[in-house]
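In what follows, a single structure is set out as structure tokens and then discussed.
No experiment lies behind these values; they were computed from the predicted model shown.
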Amino acid sequence: MEIDSLREGFDRVAEKRALSSAKALEAVDHLVNEVEQAIVKLQMMNTDSTGNVDHTTILAELKAKLNEMALLNQLEGSQKELNVALSKYLKLLEKSFNPDISKAYRNVDFEVHTVNNIIANHFYRQGLFDLGDMFLRECGESGGQSLKLPFQEMYGILEAMKVRNLEPALSWAANNHDQLLQNGSMLEFKLYQLQFVEILSKGSRDGAREEAIQYARTHLVPFASVHKEEFQKLMACILWVGRLDQSPYSELMSSAHWDKLAEELTHQFCSLLGQSRESPLSVAVSAGFQGLPTLLKLMQVMAAKKQEWQVMKQLPVPIDIGPEFQYHSVFVCPVLREQSTEENPPMRMPCGHVVSKQSIMKLSKSSSRPFKCPYCPSEAVASHCKQLHF
């Protein structure tokens, strides 16, 4: 990808800059060393009564040594190499980043209010509440409180977790018990488990044991049938109260559990708000950044052919934006070379090969007439083909 060549070019410039800087410092050190030696000689001459050497001779020797060192030539060489690398990198940037990207997107009438809310929502979910408020105020938008309040609650919980305070998180999980279960999340149990471990690891031996047992009866027993193995392990931890870090279960004290739970809580919090795990704005910008070079090249090719790509229903080239941005499967019929739709879904033949419904209709010409699979010698009948759901 182009981003790799940009990274390599940047690394070359950084390497040349470091080399140039090192040579410059070395040259300066040599210069300072020669000057200091000359100063010492001048000071010694002032205390020498014989007067065998005068100032002129010492300064002439210093000048000769500096000329012999040719410090400027050394600096010019390394600086030239840096300039060449920097010049090549600038050309690479100009080639990779076309300043005019207006032709790489379709002319769509955006709903300004919706776009403003998406941007403000991005700021709020990043915890940048003052920035989100300022943005909405300058846009003249209202209703920012409804966007901000849920994320203020979320960040309040996360900040409390940073100082090992699980009460706000436990309260939120208890209030959303049913929804978390519907999502198949173990978050509430994991929070109780973490609090149980904290009681065992911080309390005095006798007091902590009693407190842990009572806590387990109240909060962990309701989950025992579902999380039997984890529950048994936690009960065994009671035997190691006050010295859990020396037990076979010391891994439960790892700070990594706090980080994972904070991430899981963020995910579930956003899910219950009906929002994705990642910021939609961040995902859209990142995916657009990866797909933009291909769109710009396509724009240039189509312009040279005097064709308008924006009127096409399907792009003539694939846009590689990486698997992290692929949220659902896309099937392209290998026969018609068209992407499947609800009206033209993928169909699996008895032999296992998959083509679109329209391909099967064209191949069979009727529901009862056998036709040959385009990829193997097997024959099939349209009525025996099954629709696939993605």
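No donor-acceptor contact under 3.5 angstrom links the side chains of S247 and S250, judged on distance only. Checking Q268 against E264 by side-chain atom types alone, a donor-acceptor pair falls below 3.5 Å.
Looking at heavy atoms from C-beta onward, E141 lies in side-chain contact with H113 at the 4.5 angstrom threshold. Side-chain contact between S378 and K372 is absent, with no heavy atoms from C-beta onward closer than 4.5 Å. For the pair N183/Q179, no side-chain contact is recorded, criterion being any heavy-atom separation below 4.5 Å from C-beta on. The shortest distance between side-chain heavy atoms of Y89 and K16 does not fall below 4.5 Å. Using a 4.5 Å heavy-atom threshold, the side chains of W240 and L200 count as separate. Between E263 and R277, the closest side-chain pair of non-hydrogen atoms falls below 4.5 Å. In this structure, the side chains of P345 and S340 stay at 4.5 Å or more apart for every pair of heavy atoms. In this structure, the side chains of E338 and V332 stay at 4.5 Å or more apart for every pair of heavy atoms.
The heavy-atom pair separating R369 from S364 by the smallest distance is CD-O, 3.2 Å. Residue A262 comes nearest to L158 through the heavy atom pair O-CD2, 3.8 Å, listed as atom of the first residue, atom of the second, then distance. Closest of all the heavy-atom pairs between P346 and F331 is CB-CD2, 3.4 Å. Here the shortest heavy-atom pairing between A24 and L75 reads CA-CD2, 3.4 Å. When all heavy atoms of Q79 and S20 are compared, the pair lying nearest together is OE1-OG, 3.5 Å. Of all heavy-atom pairs between L252 and H257, the closest is O-CD2, 3.5 Å.
With rounding to the nearest 0.5 Å, the separation of CD1 in I199 from CD in E211 is 4.5 Å. Separating the NZ atom in K233 from the CD atom in E230 is a distance of 7.0 Å, to the nearest 0.5 Å. Going from atom OG of S356 over to atom CG of L388 covers 11.5 Å, rounded to the nearest 0.5 Å. The CH2 atom of W258 lies 14.5 Å from the NZ atom of K190; values are rounded to the nearest 0.5 Å. If you take CG on L86 and CZ on R12, they are separated by 12.0 Å, rounding to the nearest 0.5 Å. Atom CZ of R209 sits about 7.0 Å away from atom CD1 of I213, to the nearest 0.5 Å.
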*side chain to side chain contact (heavy atoms under 4.5 Å, CB included) between T57 and E61: does it pass, once the steps are laid out?*
CA-CA 6 Å; T57 303; E61 291 177 355; 3.9 Å; yes
*Assess whether side chain to side chain contact (heavy atoms under 4.5 Å, CB included) is satisfied between C385 and R348, documenting all intermediate values.*
CA-CA 5 Å; C385 299; R348 184 177 64 190; over 6 Å; no
*Between H227 and Q193, is a side-chain hydrogen bond (donor to acceptor under 3.5 Å, both in side chains) present by the stated rule, with each step listed?*
CA-CA 11 Å; H227 306 289; Q193 174 181 283; over 6 Å; no
_N83/S87 under side chain to side chain contact (heavy atoms under 4.5 Å, CB included): CA gap, chis, key distance, verdict_ = CA-CA 6 Å; N83 291 340; S87 177; over 6 Å; no
_Go through it in stages, so that I can follow the logic: the residues are L244 and C237, the test is side chain to side chain contact (heavy atoms under 4.5 Å, CB included), and I'd like the CA-CA distance, side-chain angles, deciding distance and then a yes or no._
CA-CA 7 Å; L244 191 59; C237 289; 3.9 Å; yes
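Not a single donor-acceptor pair under 3.5 Å links the side chain of S271 to the backbone N or O of H267. Of the possible polar contacts, one joining the N176 side chain to the W172 backbone as a donor-acceptor pair under 3.5 Å is found. At least one donor-acceptor pair closer than 3.5 Å links the side chain of N175 to the backbone N or O of S171. Side chain of Y375 to main chain of V354: no donor-acceptor pair is present (N/O by atom type, distance under 3.5 Å, no hydrogens or angles). For the pair N344 (side chain) and Q358 (backbone), a donor-acceptor distance under 3.5 Å is present. At least one donor-acceptor pair under 3.5 Å links the side chain of S286 to the backbone N or O of S282.
Partners of H219 under the ring pair (Phe, Tyr, Trp, His ring centres under 6.0 Å) rule, at least two apart in sequence or in another chain, are Y192, Y215. Taking Y124 as the reference, nothing meets the ring pair (Phe, Tyr, Trp, His ring centres under 6.0 Å) condition, with sequence neighbours excluded.
Heavy-atom neighbours of E111 CD from other residues, nucleotides or ligands within 6.0 Å: above the threshold of 12. Counting non-hydrogen atoms of other residues, nucleotides and ligands closer than 6.0 Å to CG of N33 gives a total above 12. The environment of CD in Q387 is crowded: more than 12 heavy-atom neighbours from other residues, nucleotides or ligands sit within 6.0 Å.
At a threshold of 4.5 Å between side-chain heavy atoms, the hydrophobic network of Ile, Leu, Val, Met, Phe, Trp and Tyr places I39 and L66 in one connected group. If you chain together hydrophobic residues whose side chains sit under 4.5 Å apart, L149 and L131 never meet in one group. Residues V115 and F123 share a hydrophobic cluster, clusters being chains of Ile/Leu/Val/Met/Phe/Trp/Tyr side chains in contact below 4.5 Å. Linking ILVMFWY residues whenever their side-chain heavy atoms come closer than 4.5 Å, directly or via other members, leaves L128 and M134 in distinct clusters. Residues L170 and V221 share a single hydrophobic cluster, defined by chaining ILVMFWY side chains whose heavy atoms lie under 4.5 Å apart.
Using a 4.0 Å cut-off between charged side-chain N and carboxylate O, K357 and E343 make no salt bridge. Taking a cutoff of 4.0 Å between a charged side-chain nitrogen and a carboxylate oxygen, E36 and K41 do not qualify as a salt bridge.
In this structure, F269 and F151 have tilted ring planes: the angle between them lies in the 30° to 60° band. Ring geometry for F223 versus F189: interplanar angle of 30 to 60°, hence tilted.
Judged as a salt bridge (Lys or Arg N to Asp or Glu O under 4.0 Å), the pairs with a partner in residues 151-171 (not counting sequence neighbours) are, in order, E159-K162, R164-E198.
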